[in-house]
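Structure first, then comments.
In what follows, every heavy atom counts, from backbone to side chain, and hydrogens, waters and symmetry copies are set aside. Read the numbers this way: they start at 1 and go in the same order the structure lists the ligands and their atoms.
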Amino acid sequence: MGAVVRMRELRSSDGRLLVRATLGNVNWSGERFTLADLEATPELSHYFTAWPADREFGVVAENAHGLAPVGVAWARVFPADDPGYGFVDEVTPEVSVWVSLQRRGQGIGSDLMMQMIEQARERGFSQISLSVENGNPARRLYERLGFVPAGRDTQPGTLILRL
Ligand SMILES: CC(C)(COP(=O)(O)OP(=O)(O)OC[C@H]1O[C@@H](n2cnc3c(N)ncnc32)[C@H](O)[C@@H]1OP(=O)(O)O)[C@@H](O)C(=O)NCCC(=O)NCCS
C-alpha cells in the first residue's frame, strides 16, 4: 500500500518500457491500438524508437524495491519534418507521461512531471510541451503544474510550460 516509489534516470536499455507506456497512452480512453498498430505507425512509434537521441531525457518511477517500473516520463526532441502531436519547435522537448493502471491516482504522475520540469530547467531548455487529447483527465494534472495552451501553429491539445 502507499505510493512509495524510487525515481531513477531513464536509460537507453529502457526501450521496452517506452513501448509499454506509449501503448498505454494511446489507449488512455480504451483499446484503440494494438502493439502491431503502434509499430506500424511512425507518428506513434517515434515516441519510443531510437531512445535516447541527443538532448533527450527521462525519469522512471520504480516500486520501493527497485524491481519493477510503475511509471515513466520522457522527453523527445522531434525534428520539424517528423513532429510529435505536441510539437512546438525543434528546441522544445515534448514530454510524455504514463503510470501503470494499478498505481494511478497516487501522485506518481505528478512527481514524474515535477522531475521532468526540474530536469528541463537544469538542462537549459526554456520551455517544454505535451499533447493531451480532448476529454483526458490528465489535462487537470498538467494545468495544476502550470501548463497552458500553446496556441497558434500547433495541433489542438498542445500545452506548454515556460521555464
Ligand atoms: C495521466 C497519468 C500519467 C497521471 O498519473 P497519476 O499517477 O495517475 O497522476 P497523479 O496521481 O499524480 O494525479 C492524478 C491526476 O491525474 C489525472 N488522471 C488521469 N487519469 C487518471 C486515472 N486513471 N486515475 C487517476 N488520475 C488520473 C487526473 O487529472 C488526476 O487529477 P484530479 O485529481 O484532478 O482528477 C496516468 O493516470 C496515466 O498513465 N493515465 C493513462 C494514460 C494517459 O492518459 N497518459 C497521458 C496522456 S496525455
Q.
Checking side-chain polar atoms at under 3.5 Å, does E56 have a donor or acceptor matched by the opposite partner on W51?
A.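 Checked: E56/W51 side chains show no N/O donor-acceptor pair below 3.5 Å.
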**Q.** Flag for N25-T22: side-chain donor and acceptor within less than 3.5 Å
**A.**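 Side chains of T22 and N25: no pair found under 3.5 Å.
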Output block, N or O contacts of ligand 1, threshold 3.5 Å exclusive:
| unit_1 | atom_1 | unit_2 | atom_2 | d |
| --- | --- | --- | --- | --- |
| ligand 1 | 7 (O) | G109 | N | 2.7 |
| ligand 1 | 8 (O) | G105 | N | 2.8 |
| ligand 1 | 11 (O) | G105 | N | 3.4 |
| ligand 1 | 11 (O) | Q106 | N | 3.1 |
| ligand 1 | 11 (O) | G107 | N | 2.7 |
| ligand 1 | 12 (O) | S110 | N | 2.9 |
| ligand 1 | 12 (O) | S110 | OG | 2.5 |
| ligand 1 | 29 (O) | P137 | O | 2.5 |
| ligand 1 | 31 (O) | R144 | NH2 | 3.1 |
| ligand 1 | 34 (O) | R140 | NE | 2.9 |
| ligand 1 | 34 (O) | R144 | NH1 | 2.9 |
| ligand 1 | 35 (O) | R140 | NE | 3.3 |
| ligand 1 | 35 (O) | R140 | NH2 | 2.6 |
| ligand 1 | 39 (O) | V99 | N | 2.9 |
| ligand 1 | 39 (O) | V99 | O | 3.3 |
| ligand 1 | 39 (O) | R104 | NE | 3.4 |
| ligand 1 | 44 (O) | N136 | ND2 | 2.9 |
| ligand 1 | 45 (N) | N25 | OD1 | 2.9 |
| ligand 1 | 45 (N) | V97 | O | 3.4 |

Q. Quick one: are the ring centres of Y85 and F78 less than 6.0 Å apart?
A.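 Ring-ring flag for Y85/F78: false, centres at least 6.0 Å apart.
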Q) Does the pair E133 and R32 meet the rule for a salt bridge (charged side-chain N to carboxylate O under 4.0 Å, His left out), with working shown? A) CA-CA 14 Å; E133 281 186 76; R32 285 195 294 182; 2.8 Å; yes
Q.
I'd like to know if R76 and D82 make a salt bridge, using a cut-off of under 4.0 Å between side-chain N and carboxylate O.
A.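 Here R76 does not pair with D82 in a salt bridge, since their nearest N and O are not under 4.0 Å apart.
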Q: State whether the side chain of S129 and the backbone N or O of G86 hold a donor-acceptor pair below 3.5 Å, judged by distance alone.
A: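 Side chain of S129 to backbone of G86, a donor-acceptor pair under 3.5 Å: yes, one is there.
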